[in-house]
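Naming: A, B, ... by sequence-line order, numbering from 1 per chain.
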2 protein chains.
Amino acid sequence: MAEQDIIIHPEEDIVDPWTVKSSSDKGVDYNKLIEKFGSMKIDEELIKRMERVTGKPVHHFIRRGIFFSHREMHHILDLYEKKQPFYLYTGRGPSSDAMHLGHLVPFICTRWLQETFDVPLVIQLTDDEKFLWKDLTAEETHKLAYENAKDIIACGFDLDKTFIFSDFDYVGGCTDFYKNICRIQKLVTFNQVKGIFGFDDSTCIGKVGFPAIQAAPSFSSSFPLIFGGHTKVPCLIPCAIDQDPYFRMTRDVAPRLQFLKPALLHSVFFPALQGAQSKMSSSEPTSSIFLTDSQKDIKDKINKYAYSGGQATVEEHKEKGGDCEVDVSYQYLRFFMDDDAKLEQLRKDYTSGELLTGHLKKELITVLQKLVGEHQERKAKITDADVKKFMTPRKLNYKY
Amino acid sequence: MAEQDIIIHPEEDIVDPWTVKSSSDKGVDYNKLIEKFGSMKIDEELIKRMERVTGKPVHHFIRRGIFFSHREMHHILDLYEKKQPFYLYTGRGPSSDAMHLGHLVPFICTRWLQETFDVPLVIQLTDDEKFLWKDLTAEETHKLAYENAKDIIACGFDLDKTFIFSDFDYVGGCTDFYKNICRIQKLVTFNQVKGIFGFDDSTCIGKVGFPAIQAAPSFSSSFPLIFGGHTKVPCLIPCAIDQDPYFRMTRDVAPRLQFLKPALLHSVFFPALQGAQSKMSSSEPTSSIFLTDSQKDIKDKINKYAYSGGQATVEEHKEKGGDCEVDVSYQYLRFFMDDDAKLEQLRKDYTSGELLTGHLKKELITVLQKLVGEHQERKAKITDADVKKFMTPRKLNYKY
């Protein structure tokens, strides 16, 4: 999204780990968010440096500003240049077995980072969080963690270098992890989580303590077995920007524990089919394309729900052109169409009015049917035994 | 303590898990406390029933009103009569390696209960709590848990039927325990713990969540291995009355989780050497007789610090007599002198003025030197391997 396209009413955007709402049909004002959160924009200089250091082009998520903000990514590149270790940490809240396209975004980026930098990765499944926040039992969210792990593994992570864990398993399975949680919880007051997360007196005490559980995997000392006893390995967290409050808190407590502050890469939200005012959400099925949707589902949903940036009539469209900034089909193609040249041609032709919405939707349907179809094929091959392997605490294969 | 002896300013007593302060030199008004906390007095009828059901006299702690209050002890006796199972749960906060006489009280009672009812027992060492509340590292309190375990084992628990655990180990070692903690934390709001425990906005989020960790061992489903998968075994908790707020909260949430409410036996506080206005505290060494004190230490401390209920001069004492209700030596003898007849004789002779404070102190010194000396002998024989046995999660030997 070009800088000049970012506009209006930024004060009305609501962005926290539970709510993303924008009053603009172009979605959240991300530049304002960078300012508010105090992070750094991923600029041309950083992108060029990443390409220079790794010797390969950056993922199109980074090139196209889908990952748009960071904290201390230059430090991570310094480490990589000096052949010093770091690890990746990302996660998911398993509130449903129906993962959707938006959920893939951090995992696709994380997979690319793991492949590019050849580093270990821990993936937290916050079944405890979803139990606390949703009307689900502990058994249900615990089971969903294992369900979701299959979708995550289907993204292509390296078993040798990846540990996936459910919080119920791992808090209840590792004293060092629980100790780090307590260490963080000792340094954060109710007043602070009230300010950061909007908790109040009626919030249950489980929620009050939870931010420490999402913070703790940022510190390699939480994983003595996984990292072979290396307790000071720096951490890079790719995540959607709504998760940043957790990691601002984490970065605040880290030095007081003599721990390293994690670095971050932030993505934009994945828009709902209805448009960028809200993000895609499993709890609103018509807003979402699920990873379990059939080829026909995908076609029908795009055709029926994908918000169009086109004009009311063909004549008007040909005359005035379409608006890519609000057109959901175009926005989705930015996420999932690899081919830069083709995407740019579509943008030009849609903007000029030469291409109609129907054409853009057709392109998107083809891309998504392939993406989801291939995901389903990979997922079908993943057995419970594979999940067990990824989720068994063990030393990852990496030289420190 | 006879009922008519309980007096004045009860509204100024402060009793919560961190503070016990009374404005009266006779200590906390326990009858008022029963009223305030909504528990039941351990009356003659209950004592007689216990003796009838078990076929043996109750421990002198119960006979003498040191354990003075209960919740649903009749229900526990019903179970015992019907040969139905229950288990005991008690604990300690390992804030110091110097355990004192007061710390022995719940363990002596618990040991008697285990022996009398022949039931399993879990003992929680809240090293996480002490880390959160004190200026100690997690490593220090974790280590203290193991130190304290030796003193606890020296009280004579049955290895076959006793599981001792550190929270750092067991929260970080048992998913079912952590799940129960989350279940409790989901049902308790910040507002509630504010009311029950006096937390405020500046309280760290670890403390805010902790009450659930002390609550969780009240439910046998927190110990699937220990109780061989029996998830509905009723629980009896012997503890000092200041711990009751935790278990009022526990009893409140239990039915909403379809768990059983724990029964309770409450003890009075063990008074400081300086008198019953405050309880014995490790953090004030001159208030305490430690389990590590030498025979000479015991003698010197009693002679130097034990608050006397005697009169200013021998003449006056002989004329007016001593006051057993405030005399610390007499009060300690009530805890630790087995012989009822001898204790009664001492009380009469001291009250009439026939016996001087020095005599009472001498009697007490003899009793405590024996008690502490024998404890030290037993403790000296306990090896790290013994501690490990008690602290290894395993199925306890008990028929359900």
Side-chain angles (χ1 to χ4, degrees), chain A residues 126-139 141-142 165-197 199-213 215 221-222 249 253 257, chain B residues 126-139 141-142 165-197 199-213 215 221-222 249 253 257:
Chain A
T126 55
D127 44 9
D128 52 353
E129 176 204 10
K130 291 303 171 185
F131 166 67
L132 290 166
W133 260 268
K134 302 273 176 181
D135 188 18
L136 292 165
T137 67
E139 278 71 28
T141 61
H142 197 186
F165 62 98
S166 118
D167 280 344
F168 281 136
D169 290 338
Y170 195 61
V171 179
C174 180
T175 286
D176 293 273
F177 188 47
Y178 178 53
K179 272 189 187 165
N180 276 350
I181 291 165
C182 289
R183 288 184 177 107
I184 298 161
Q185 289 182 333
K186 188 173 180 174
L187 295 183
V188 178
T189 65
F190 179 72
N191 211 27
Q192 286 172 293
V193 293
K194 218 163 99 168
I196 302 170
F197 301 101
F199 297 156
D200 60 30
D201 280 17
S202 69
T203 303
C204 80
I205 60 173
K207 291 184 183 179
V208 171
F210 176 75
I213 296 174
S221 57
S222 296
M249 186 198 87
V253 300
L257 290 167
Chain B
T126 55
D127 43 10
D128 52 353
E129 177 204 10
K130 291 304 170 185
F131 166 67
L132 290 166
W133 260 268
K134 303 272 176 181
D135 188 19
L136 292 166
T137 67
E139 279 70 28
T141 61
H142 197 187
F165 62 98
S166 117
D167 280 345
F168 281 137
D169 290 338
Y170 195 62
V171 179
C174 180
T175 286
D176 294 273
F177 189 46
Y178 177 54
K179 273 188 187 166
N180 276 350
I181 291 165
C182 289
R183 287 185 177 108
I184 298 161
Q185 288 181 334
K186 188 173 179 173
L187 296 182
V188 178
T189 65
F190 180 72
N191 212 28
Q192 286 172 293
V193 292
K194 217 162 100 167
I196 303 170
F197 300 101
F199 297 156
D200 60 31
D201 280 17
S202 69
T203 303
C204 79
I205 60 173
K207 290 183 182 180
V208 170
F210 176 75
I213 297 174
S221 58
S222 297
M249 185 198 88
V253 299
L257 291 167

### Task
Determine the option with the most heavy-atom pairs under 4.5 angstrom with chain B, choosing from A:D127, A:L187, A:N191.
A:N191

#### Entry: Under 4.5 Å from any heavy atom of chain B - which part of A:L257
neither

### Task
May I ask you to decide whether B:D200 forms a salt bridge with B:K194, counting only side-chain N to carboxylate O separations under 4.0 Å?
no

### From CD1 (A:I184) to OG (A:S222), nearest 0.5 Å
6.5 Å

### Query
Measuring heavy-atom distances to chain B, does A:V193 have an atom under 4.5 Å in its side chain, in its backbone, in both, or in neither?
side chain

### Task
Below 4.5 Å from any heavy atom of chain B, which atoms of A:K179 appear? Answer side chain, backbone, both or neither.
both

#### Entry: Residue selection (most heavy-atom pairs with chain A, distance under 4.5 Å) from B:I205, B:V208, B:T203
B:I205

### Message
Just checking B:F190 against A:F190, ring centres under 6.0 Å apart?
### Response
yes

### Message
For A:H142 versus B:T175, what's the shortest heavy-atom pair and its separation?
### Response
CE1-CG2, 4.0 Å

Compile the donor-acceptor pairs under 3.5 Å between side chains in residues 128-136 of chain A and protein atoms, sequence neighbours left out, one pair per line.
{"residue": "A:D128", "atom": "OD2", "partner": "B:Y178", "partner atom": "OH", "Å": "2.6"}
{"residue": "A:E129", "atom": "OE1", "partner": "A:T126", "partner atom": "OG1", "Å": "2.6"}

### Summary
Heaviest contributor of heavy-atom pairs below 4.5 Å to chain A, chosen from B:A212, B:P211, B:G206, B:G209, is B:G206

